Structure formats: C-alpha cells, structure tokens
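In what follows, a single structure is set out as structure tokens and then discussed.
Just so it is clear, the structure is predicted and the values come from calculations on it, not from any experiment. Chain A is the first sequence line, chain B the second, and so forth, proteins listed ahead of strands; every chain is numbered from 1.
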2 protein chains.
Amino acid sequence: MHERLIARLQSVAGLTSDERAALNSVPHKVRTLGDRESILQEGDKASNCVALMSGFLYRQRIIGDRRQILSLHVPGDIPDLMTLYLPTMDHDLISVGQSTVAVAPHSALKSLFEKHPSLVHIFWRETLIDAAIFRHWVGNLGAMDAFHRVGQLFCELAVRLEFVGLFEKNSFSFPLTQYDVASVCGLSKVHTNRTIQVLRKQRLLIWRDDMVELPNREELEAAAEFSADYLQRKAKSV
Amino acid sequence: MHERLIARLQSVAGLTSDERAALNSVPHKVRTLGDRESILQEGDKASNCVALMSGFLYRQRIIGDRRQILSLHVPGDIPDLMTLYLPTMDHDLISVGQSTVAVAPHSALKSLFEKHPSLVHIFWRETLIDAAIFRHWVGNLGAMDAFHRVGQLFCELAVRLEFVGLFEKNSFSFPLTQYDVASVCGLSKVHTNRTIQVLRKQRLLIWRDDMVELPNREELEAAAEFSADYLQRKAKSV
DNA sequence: CGACGCTTTGATCCTCGTCAAATGGTGTGG
DNA sequence: CCACACCATTTGACGAGGATCAAAGCGTCG
C-alpha cells in the first residue's frame, strides 16, 4: 500500500516494523484517474479497496434533481474501506482533477488481517474516523448556516491535509469548483458564491484557480466555530 | 449481552453456536434509565459499551444555540461501539422514555475478540452500518426538504424496529416529542409540526400519545422517496 | 385548581433557492 | 489572430421554504 497511507497509520496508531513490512507487501495496482472519472457507482459490488495517493476523491448521491457530495477525500484516505464488509455501494465514488490510487483486493486485506490481527483495529479505527466525520456533517448541515458550513469545510480540509503534509504555507491545491463546494454544503451554487465572497472580504479565504489559502486560520476557525476534535488528530505532524 | 442484540447479529451475519455462547457469556450489567437521562457526555472517555435492550436512545450535539440530534437508536443497537477504538465522545448519549441497557466493559469485548476473531468483523460491520446511516442523513439534510426528511425518519425507524420485532400492526411505541423530531431533521419545531400535519392529512402517519402508526407504509415510502438499501437489512426478520 | 410541557395556530421576517443574464478566462478551429 | 463556444464565476431580481416570535389550546399531574 502507498507510503502516504502507511505514514498516516504510523503516526495515528504506531506500527511495528513487522506490521509496516506487511503493509508494504500488500499486493496492489496503481491506477491513474482523470478529472471526474468514476471509480464506483451506487449499486456496484466492490471487491477491491482504493487508497488515495494523490489528488482528491468525493462520494456523492443523486437525490431528486440534486447532487449531494457526502464527503471529500484526501491522500491517505481509503474511501471505500467499508466495502470489505458492506460490499454494495450506496453512493458513487469519483475523482476530481488528476488523481492516483492504489487498488488492493479485499482478499489481500483480509489475509493481511489474518496474519496480523493487530492491524484489524487500526483499519477499523479508520472507518470509525470516517464515521465521525459524517456525524459531524450531520450536525453542520442540520444546525449551521451557510457561512459556518463553508467555513467548516475549509477548516476541516486544512487539518486533514496538514496531517498528510499537503498543507504548506497555509495553502493547498484544491481542484474543485464552487458548485462542488455547494454540493458538499447543501447549498445552491449562487448562495455558495456569495458566501465565499463574504469569507474573502473578511480576509479568511483566498481562492484563485486551483489554490486555496487560509491567511488567518485561527480567525477562520473561530468564525466558523470549528474544533478539530472529531478528526482524532492528536498532533500536527510534519 | 442481551438477546435482542444477539438475535440481530444472528440474523444479520449468522453465528455459530460457539460464538453465540461466547456472546452470552460476556460479563455485563443491566442498567435502567429514566427519561432524558444522560449516559455519556461530549468529552467523556468511555470504558464501556452500551447495548440498548428496550426503549430509545439518541446522540446529540449542541451547536450554537441549537440542539442537533445526530441519530436515534432502537433496541439491539450499540450506539457507543466506536468508543472501543475512539474512546473520547464527540457527542452526548441520552435516553428517551424508560430504557434498559446492557453495559459491558471494553476489556470484556476486546478479550472476546481475541478468543473469537470471527466476531470482530461482525461488530466492525455494525459500526459500518451505523456510518451508512449517518451518510444517508448527510444526504437527507443536505438535499431534501422538510416533508421528505420527516418522512424518511419514520420510514427508517419502521425498518429498523421491524428488524428487532418492535414494529407490529404498522405501529410502534415512540416516546419522543415533535421537538425531538425537529432536532433530528434540522428543522424548527413549528415547521415540524406543520410538516407532520401534512403527513397526517395525507393519511401517511398517525401519531397519538406515544404511539406511531404508518397506515400506508408503501405510500409513505414512495412519498418520502425512501429506499431501505442503506440499512443493509436483507430480509424482514421476525 | 393551577402549573407545566407539548402541540397548534397566526403573523412576520429572512435566509437561501431559483431564474436569468452578464462577465471573464480558456481552448479550439477557421 | 480573431471568432466562437464553453465553463465557472459573478451579479441582480424575485420568490419560497422555513425560522422566529407570540399566544392560544390542551392534557396531565400534583
């Protein structure tokens, strides 16, 4: 499996050299994805898991005439890890921008778990953090207004990207459109645009082309009433 | 652990008699909870897991001046199972009405897993279904209007209660208030009341005192555009 | 009987959605 | 090199779904 994932597991959970070696030897294929390329669709039965190596992925559901983005994924994530035990997809998995993924068969992961039972809880824990993020967004979507939702999104991305070393100089690559952000936040694209303008005017967000900069992250986190506790990131690594 | 949970795991996953015996012998205490009694609060470190035996529980977060209910739980659920590997609570866990729970220490569950590794993926799977429900509600809250949200809630409860034998004659006990439903659906209580009146006028919902009846479930599911796939319930079990 | 909590109703306000069109950048083909 | 198409962003105007505020029913319980 890819180094970015292993590095994350390392710092989240701590790995023995034995476990690290086992992870390194999991058979997998690397696949390059184009912009908006679909990896899995609702209803598909998955027999592989996908670890994101570079770029972004998102999960979406079409609801009525709307598209709801359920989650964004950054390198190091395994957005379909739950297919190990719930193989039928209840949503689509799609790439944004150029992305690369490591694809490993379920069977390889399951035999990894048999040989190294201590790894089970590390992967289980990954799915629990994934769930914690969804739970957090249930709160955001149910109880927060547009400004807070958009603010929370950028705060969350900063923390998650920082953890895998992709947040530097308060900036990160962000190949999504405003419409994508709208679909994450449950807003129309017009209102999302206006919300982003407010963030810009308050000097909390700079977003040009494919780069996002958070010039005053503390102030943004305060304004969005963001707390990173739910992400279970003990410390800012690297 | 309690029979309701074991029966559910039995029908979801299938258990060997050996596994069933092991589950039965997990040490636990039974605890009775009063109305609106708090079991765990945000920030607590849990060292036990709680299996609901009877009644209802919900998880909530206070966001600004609002209360968001993140999820409702029915007998057979273990709403804090994730504390096994993420012990710090990021929300509160509270009972509604009279409830009883079985409380088992983490250590007992972890040693159960060591002796019966095959049980690990059964419990893991439970947390994955929990996550699937949150994911579904991200979609509901982000993309559906009030009518659909409230409708979805009752459809989902029907399926989940049916699975543990608590949905009979299209009815179930429901000791929540309209304000609770509002807090689940991300709506004000006034608007929730009006939405419920619409459901009543369309003869899709009868709710008097602590009983809810869905006189025409198919029509309700159609109106709410509900599909139970995400609940991973293969069949209607007794 | 009164107090309390939940439900219901009415009136008003406001956040956000929808519709429409303009702006601006980029890439393509003539 | 210009014309054009295409797409994302931006702006304006308007409307609607739902929030808020306030008060009135209503059932239960002490």
Item checked: L141(A) CG - dG17(C) P separation (whole Å) -> 12 Å
Check: Under 4.0 Å between a side-chain N or O of R66(B) and OP1 or OP2 of dT20(D)?
Finding: yes
Next item on the list: Could you check W207(A) against R194(A) and say which one's nearest nucleotide on DNA chain D is further toward the 5' end?
Entry: W207(A)
Next item on the list: Whole angstrom is fine here: how far is it from NZ in K189(B) over to C1' in dG10(C)?
Entry: 16 Å
Notebook entry, point to check: Quick one: is Q178(A) getting a side-chain N or O under 4.0 Å of the dC7(D) phosphate, OP1 or OP2?
Noted result: no
Item checked: Atom pair distance, as rounded to whole Å: OH in Y179(A) and P in dC7(D) -> 14 Å
Note to self: Counting only side-chain heavy atoms from C-beta out, which of dC16(C), dG18(D), dG10(C) sits nearest to D145(A)?
What the structure shows: dC16(C)
Next item on the list: Compute whether any side-chain donor of one residue and acceptor of the other, for H148(A) and E225(A), lie under 3.5 angstrom apart.
Entry: yes
Margin query: Please determine whether a side-chain nitrogen or oxygen atom of N193(A) lies at a distance below 4.0 Å from atom OP1 or OP2 of dT9(D).
Written below: no
Checklist line | Residue whose closest nucleotide on DNA chain C lies nearer the 5' end, D209(A) versus V190(A) | finding: V190(A)
Next item on the list: May I ask you to decide if the ring planes of Y230(B) and H136(B) are parallel, tilted or perpendicular, using 30° and 60° as cut-offs?
Entry: parallel
Next item on the list: Please work out if L187(A) contacts a base, only the sugar-phosphate, or nothing of the nucleic acid, heavy-atom cut-off 4.0 Å.
Entry: sugar-phosphate
Next item on the list: Could you tell me the separation between the CE atom of M144(B) and the C1' atom of dG17(C), rounded to a whole number of Å?
Entry: 17 Å
Checklist line | Separation of atom CZ in R149(A) from atom P in dC16(C), rounded to whole Å | finding: 7 Å
Note to self: From CG of D65(B) over to C1' of dA19(D), roughly how many Å is that when rounded to an integer?
What the structure shows: 11 Å
Next item on the list: Using a cut-off of strictly less than 4.0 Å, decide whether R200(B) has a side-chain nitrogen or oxygen near OP1 or OP2 of dT8(C).
Entry: yes
Item checked: Protein-nucleotide distance (H191(A), atom NE2; dA16(D), atom C1'), rounded to Å -> 14 Å
Next item on the list: May I ask you to check whether N193(A) and Q178(A) show a side-chain donor-acceptor distance below 3.5 Å?
Entry: yes
Next item on the list: Identify whether any heavy atom of S188(A) sits under 4.0 Å from a base atom; if not, whether one sits that close to sugar-phosphate; answer base, sugar-phosphate or nothing.
Entry: base
Next item on the list: Grab the CD1-P distance between I196(B) and dC6(C) for me, whole Å please.
Entry: 14 Å
Next item on the list: Start with the C-alpha gap between R8(B) and D77(B), add the side-chain angles, then the distance that decides, and say whether salt bridge (Lys or Arg N to Asp or Glu O under 4.0 Å) holds.
Entry: CA-CA 9 Å; R8(B) 190 174 88 178; D77(B) 287 356; 2.6 Å; yes
Next item on the list: Would you please confirm or rule out a distance under 4.0 Å between OP1 or OP2 of dT7(C) and any side-chain N or O of Q197(B)?
Entry: no
Check: Would R67(A) count as a cation-pi partner of Y179(A), with NZ or CZ less than 6.0 Å from the six-membered ring centre and within 45° of the ring normal?
Finding: yes
Check: Within the structure shown, what part of the strands sits under 4.0 Å from R36(A) by heavy-atom distance: base, sugar-phosphate, or nothing?
Finding: nothing
